[in-house]
Amino acid sequence: MKIALDPYMLRQVPLTELPGVVADLDYQYIELSPRDDFLPFFLHPRADKATIAGFRKALGAAGVEVSSVLPLYRWSSPDEDERQAAVRYWERAIQVTVDLGCQVMNSEFSGRPEAAAASEAQFWRSMERLLPVFEREGVQLRLEPHPDDFVEDGRAAVELVRGIDNEAVSFLYCAPHTFHMGGDIAGIMRYAGPLLTHLHIADSFDHRGSSGLRYIVNPPGSPARVHQHLDIGQGEVDWDGFFGTLSELRFDGIATVCVFAWEERAHDSSTHNRERIQQYLTKFGGS
């Protein structure tokens, strides 16, 4: 298992200094999530050849690798202009990933729940154009359901990934989305089976708990989806069930720490979660 860090809480660190900071936190792998100076949210990549070369040099000096690249684009948008722009951004992001020496990308479906059928149709249109690019470049794609997307349920997302029917595309289980995916960690992981290749690790509260009053959103009846990305142990994810099922399935993919809640103690949070993961792996016989 590759244990990676999503350095979003460290995004103010200059790009060429980031690998050294990550190495000091005892990580060997980075999942490169959106940064304004490299791959911004929902916009065309900003990285040029010189930036990529400088980052690769810094990675080599620190002994750190990019395990995966996480872009977010509205490639399932019901708005056709927005979808076409997202596909162009994806094409450039794939090239940036290859230039970084990385062969894995992960992302979300990025549509709208109130227009689920239209979003799915747009997703398939985008995949028709992008799948040949992934195949040509030898890049794997891992997809996750997300709260407030056109697919939120874990099993439904597995079925959608399965329907793509391409060995380049697989399923990412995001632990802090557990309760929006249905709450059945073991069941969803087992249902995914060999399609499960990637994990996001952070804790969250169960928004369904206490008669739906675990946390309160106003006005009442708001369609907003609320979740957290907390340190392991601060929420209600069943970590024994999580790591126990991974052991049962002999999971050997990428596991990325993606805590976003504690920028003021980002270093302590990152080391804490790295240590907790190792404790669970030792407990369940993993490595």
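Side chains are part of it too, since the values below use all heavy atoms of this structure and drop only hydrogens, waters and symmetry mates.
The distance between the ring centers of His267 and His272 does not fall below 6.0 angstrom.
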### Task
Apply ring pair (Phe, Tyr, Trp, His ring centres under 6.0 Å) to His227 and His146, showing your working.
CA-CA 10 Å; His227 70 288; His146 196 282; 5.5 Å; yes
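For residues 53-62, no pair satisfies salt bridge (charged side-chain N to carboxylate O under 4.0 Å, His left out), with sequence neighbours left out. Residue pairs meeting the salt bridge (charged side-chain N to carboxylate O under 4.0 Å, His left out) criterion with at least one member in residues 184-201, sequence neighbours excluded: Arg155-Asp184, Arg190-Glu248. For residues 131-140, every residue pair satisfying the side-chain hydrogen bond (donor to acceptor under 3.5 Å, both in side chains) rule, not counting sequence neighbours, is listed here: Glu135-Asn166, Gln140-Arg142. Annotation: side-chain hydrogen bond (donor to acceptor under 3.5 Å, both in side chains) contacts involving residues 16-29, sequence neighbours excluded, are absent.
Checked against salt bridge (charged side-chain N to carboxylate O under 4.0 Å, His left out), Asp231 has the following partners two or more places apart in sequence or in another chain: Arg265. With sequence neighbours excluded, the residues satisfying side-chain hydrogen bond (donor to acceptor under 3.5 Å, both in side chains) with Arg208 are Asp206. Considering only residues two or more places apart in sequence or on other chains, Arg129 meets the salt bridge (charged side-chain N to carboxylate O under 4.0 Å, His left out) condition with Glu91. Partners of Glu152 by side-chain hydrogen bond (donor to acceptor under 3.5 Å, both in side chains), not counting sequence neighbours, listed by chain and number: Arg225. Looking at residues two or more places apart in sequence or on another chain, you find no salt bridge (charged side-chain N to carboxylate O under 4.0 Å, His left out) involving Arg274. For Phe260, the ring-ring contact (aromatic ring centres under 6.0 Å, His included) criterion is met by Tyr8, His229, not counting sequence neighbours. Trp239 is linked by a side-chain hydrogen bond (donor to acceptor under 3.5 Å, both in side chains) to Asp203, counting only residues two or more places apart in sequence or in another chain.
Donor-acceptor pairing under 3.5 Å is lacking for the side chains of Asp6 and Thr256. Defined by atom type and a distance below 3.5 Å, a donor-acceptor pair is present between the side-chain atoms of Trp124 and Glu120. With no hydrogens or angles considered, no side-chain donor-acceptor pair links Tyr73 and Ser126 at under 3.5 Å.
Using cut-offs of 30° and 60° on the angle between ring planes, the pair Phe123 and Trp75 is perpendicular.
Under the 4.0 Å criterion applied to side-chain N and carboxylate O atoms, Asp148 and Arg112 are assigned as salt-bridge partners. Using a cut-off of 4.0 Å between Lys/Arg side-chain N and Asp/Glu carboxylate O, Asp37 and Arg11 are scored as not salt-bridged.
Chaining together hydrophobic side chains whose heavy atoms lie under 4.5 Å apart leaves Leu43 on its own.
Distance check, rounded to the nearest 0.5 Å: CD1 of Ile254 to CG of Leu172 gives 9.0 Å. How far CG of Leu196 is from OG1 of Thr245: 10.0 Å, rounded to the nearest 0.5 Å.
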